[in-house]
Amino acid sequence: MADIRILGISGSLRTGSYNTAALHAAVGLCPEDAEIEIYDIGGFGPFNQDAEQNPPENVVAFKAAIRAADAVLFSSPEYNYSVPGFLKNAIDWASRPYGDSAWDGKPALIMGASPGTGGTMRMQYHLRQIMVFLNMHPLNRPEVMISNCAKKFDENGTLTDEKTREYLRQAIEALVHWTRRLSN
Ligand SMILES: Cc1cc2nc3c(=O)[nH]c(=O)nc-3n(C[C@H](O)[C@H](O)[C@H](O)COP(=O)(O)O)c2cc1C
């Protein structure tokens, strides 16, 4: 088993999602001493604070998976200049009840792909703001903003753009390095 375990979370449920495809590319570019497990966050109901003391099974399992991971990798689209609602919903579930957040202290890397020129930058800065309260430790650099993504993946969802592949490989390496630094 690899000694650094990374939980990969996609912010898109779309079949053919570029962001999920980017996560799959990251799995293939991961160094040998680390591994990325992609976790499906599609099944959560809307967060209701009435249920936070006794959350649904899938939330309990999600929190356990976050806790078992050494780091988190988010790959998300930007929706209306921000974090997709269902991703924020999953983040909220795993952050509660107060004092029992699964996110506390986790190193993280944020990446995102968009067909336009912004490369999800506004979503990424909103996610960073959320991480302040969660006491997560996102890497400052590199920032992985995959703009004009339709040209960088083929019709099967394979990341074909060599520059982006190399950048992503270096970003995952940086996350592994960052995770080791924080655990010392
Ligand atoms: C509700 C909604 C809002 C969107 N808002 C933005 C936006 O603010 N910025 C942007 O670059 N793209 C925006 N888009 C376009 C997405 O970047 C595009 O659909 C992208 O392919 C979604 O990521 P995915 O391929 O991983 O599903 C939006 C799409 C949807 C459905």
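Order of listing sets the numbers, starting from 1, for every ligand and every atom in it. Quick caveat: nothing in here was measured; it's all calculated off a predicted structure.
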Please tabulate, for the side chains in residues 167-177, all donor-acceptor contacts under 3.5 angstrom to protein atoms that are two or more places apart in sequence or on a different chain.
residue, atom, partner, partner atom, Å
Tyr167, OH, Glu143, O, 2.9
Arg169, NE, Glu166, OE1, 3.0
Arg169, NH1, Glu173, OE2, 2.8
Arg169, NH2, Glu166, OE1, 3.3
Arg169, NH2, Glu166, OE2, 2.5
Gln170, NE2, Glu166, OE2, 2.8

**Prompt:** Do Ser101 and Ser95 meet the criterion of a side-chain donor-acceptor pair at a distance under 3.5 Å?
**Reply:**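 Note: Ser101 and Ser95 side chains miss the donor-acceptor criterion.
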**Message:** I'd like to know if Asp104 and Arg67 make a salt bridge, using a cut-off of under 4.0 Å between side-chain N and carboxylate O.
**Reply:**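 No salt bridge links Asp104 with Arg67.
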**Item:** Lys88 bridged to Asp92 by N-O distance under 4.0 Å
**Value:**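 Asp92 and Lys88: salt-bridged.
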**Prompt:** Considering residues at least two apart in sequence or located in another chain, which fulfil the side-chain contact (heavy atoms from CB on, under 4.5 Å) criterion with Ser183?
**Reply:**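 With neighbours one apart ignored, the set is empty.
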**Asked** Which residue pairs pass the ring pair (Phe, Tyr, Trp, His ring centres under 6.0 Å) test when at least one of the two sits in residues 53-73, sequence neighbours left out?
**Response**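 Ring pair (Phe, Tyr, Trp, His ring centres under 6.0 Å) check on residues 53-73 returns Tyr39-Phe62, Phe44-Phe62, Phe62-Trp103.
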Would you mind writing out a table of all protein N or O atoms found under 3.5 Å from any N or O atom of ligand 1, naming both atoms and giving the distance to 0.1 Å?
residue, atom, partner, partner atom, Å
ligand 1, 5 (N), Glu78, O, 3.3
ligand 1, 5 (N), Asn80, N, 2.8
ligand 1, 8 (O), Glu78, OE2, 3.3
ligand 1, 8 (O), Asn80, N, 3.1
ligand 1, 8 (O), Tyr81, N, 2.8
ligand 1, 9 (N), Glu78, OE2, 2.8
ligand 1, 23 (O), Asn19, ND2, 3.3
ligand 1, 25 (O), Arg14, NE, 3.3
ligand 1, 25 (O), Arg14, NH2, 2.7
ligand 1, 25 (O), Tyr18, N, 2.9
ligand 1, 26 (O), Ser17, OG, 2.6
ligand 1, 26 (O), Tyr18, N, 3.3
ligand 1, 26 (O), Asn19, N, 3.0
ligand 1, 26 (O), Asn19, ND2, 2.8
ligand 1, 27 (O), Ser12, OG, 2.7
ligand 1, 27 (O), Arg14, NE, 2.9

